[in-house]
Amino acid sequence: MSFLAIYAEQDASRPQLITTDGARIASELEAEGIRFERWTAGCELRDPTDQAQVLAAYADDVARLKLENGFVTADVIGLTPDHPEREALRGKFLDEHRHAEHEVRFFVRGSGIFYLHLGERVLAVGCEKDDLIAVPAGTAHWFDMGPTPDFTAIRLFTNPEGWVANFTDNDIAARFPRHEALAEHFTQTAAPHSQESA
Ligand SMILES: CSCCC(=O)C(=O)O
Ligand SMILES: [Fe+2]
Ligand code: NI
């Protein structure tokens, strides 16, 4: 299930909070100006890796986001575990970077972890199917799709050129747990719960 792990930027060894409770995830992120929502598709997708089918199935939601945020284009990014360039594509998002525009991603299927470097904290957001996350322009972040990526996400842009990753040259991402170390929180069967450490 989706999760949120909050760290002090100086201590990647011990999260201050780990929660899989959707309402708690949304409220903690909202406090930082990060939009986190859960949608459900109007219809089941025959092929959730097909760009045209995905955009058609979510046409109303995409249209609403375009109206609300001035986005003009949407595309679909997706990988399956056998993708020949999975390592290179994983590496593309794995270092801390910023974008000149909002980064809105909706997960149609699968999962991935966004790490948001906000002030003196790092918030790792494990996103799964039906999660929408909106990272404001200029937010330092990185994304880890893991070693066997398996996700499809809708991306919205005001200006595709705006999405260019401007790397911060901060090696902070290398000091934080990678997908492999956090993926257990995606699969846990326990009821949504929060663990806080003093
Ligand atoms: C889920 S799309 C890949 C992540 C991304 O777009 C980014 O971090 O810039
Ligand atoms: Fe990004
Ligand atoms: Ni847990």
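Just follow the structure's listing: the first ligand is 1, and inside any ligand the first atom is 1. Computed from heavy atoms alone, side chains included, the values below leave out hydrogens, waters and symmetry copies.
A donor atom on one side chain and an acceptor atom on the other are found under 3.5 Å apart for Ser2 and Asp131.
For the side chain to side chain donor-acceptor pair (under 3.5 Å) criterion with Arg121, the lone passing option out of Gln16, Glu32, Gln10 is Glu32. Looking at Arg98, Glu103, His117 one by one, the single match for side chain to side chain donor-acceptor pair (under 3.5 Å) with His141 turns out to be Glu103.
For the pair Arg175 and Asp171, the salt-bridge criterion is met [side-chain N within less than 4.0 Å of a carboxylate O]. A salt bridge links Glu68 with Arg35: at least one charged nitrogen is closer than 4.0 Å to a carboxylate oxygen. Ion pairing of Asp130 with Arg38 is absent here, as no side-chain N (NZ or NE/NH1/NH2) approaches a carboxylate O to less than 4.0 Å.
Under the side-chain contact (heavy atoms from CB on, under 4.5 Å) criterion, Ser27 pairs with Arg24, sequence neighbours left out.
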Expected rows: ligand 1 N/O, protein N/O, dist below 3.5 Å:
residue: ligand 1; atom: 6 (O); partner: Glu103; partner atom: OE2; Å: 3.3
residue: ligand 1; atom: 6 (O); partner: Arg105; partner atom: NE; Å: 3.0
residue: ligand 1; atom: 6 (O); partner: Arg105; partner atom: NH2; Å: 3.1
residue: ligand 1; atom: 8 (O); partner: His97; partner atom: NE2; Å: 3.4
residue: ligand 1; atom: 8 (O); partner: Glu103; partner atom: OE2; Å: 3.1
residue: ligand 1; atom: 9 (O); partner: His97; partner atom: NE2; Å: 3.2
residue: ligand 1; atom: 9 (O); partner: His99; partner atom: NE2; Å: 3.0
residue: ligand 1; atom: 9 (O); partner: Glu103; partner atom: OE1; Å: 3.1
residue: ligand 1; atom: 9 (O); partner: Glu103; partner atom: OE2; Å: 3.3
residue: ligand 1; atom: 9 (O); partner: Trp163; partner atom: NE1; Å: 3.2

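Nearest approach of Arg109 to Leu79, heavy atoms of both residues: NH2-O, 3.1 Å.
Distances shorter than 2.8 Å separate the Fe ion (ligand 2) from the protein N/O/S atoms His97 NE2, His99 NE2, Glu103 OE1, His141 NE2.
Members clustered with Phe176: Phe3, Tyr7, Ile113, Tyr115, Val122, Trp142, Ile172, Leu182, Phe186, by chain and number, using a 4.5 Å side-chain heavy-atom cutoff among hydrophobic residues.
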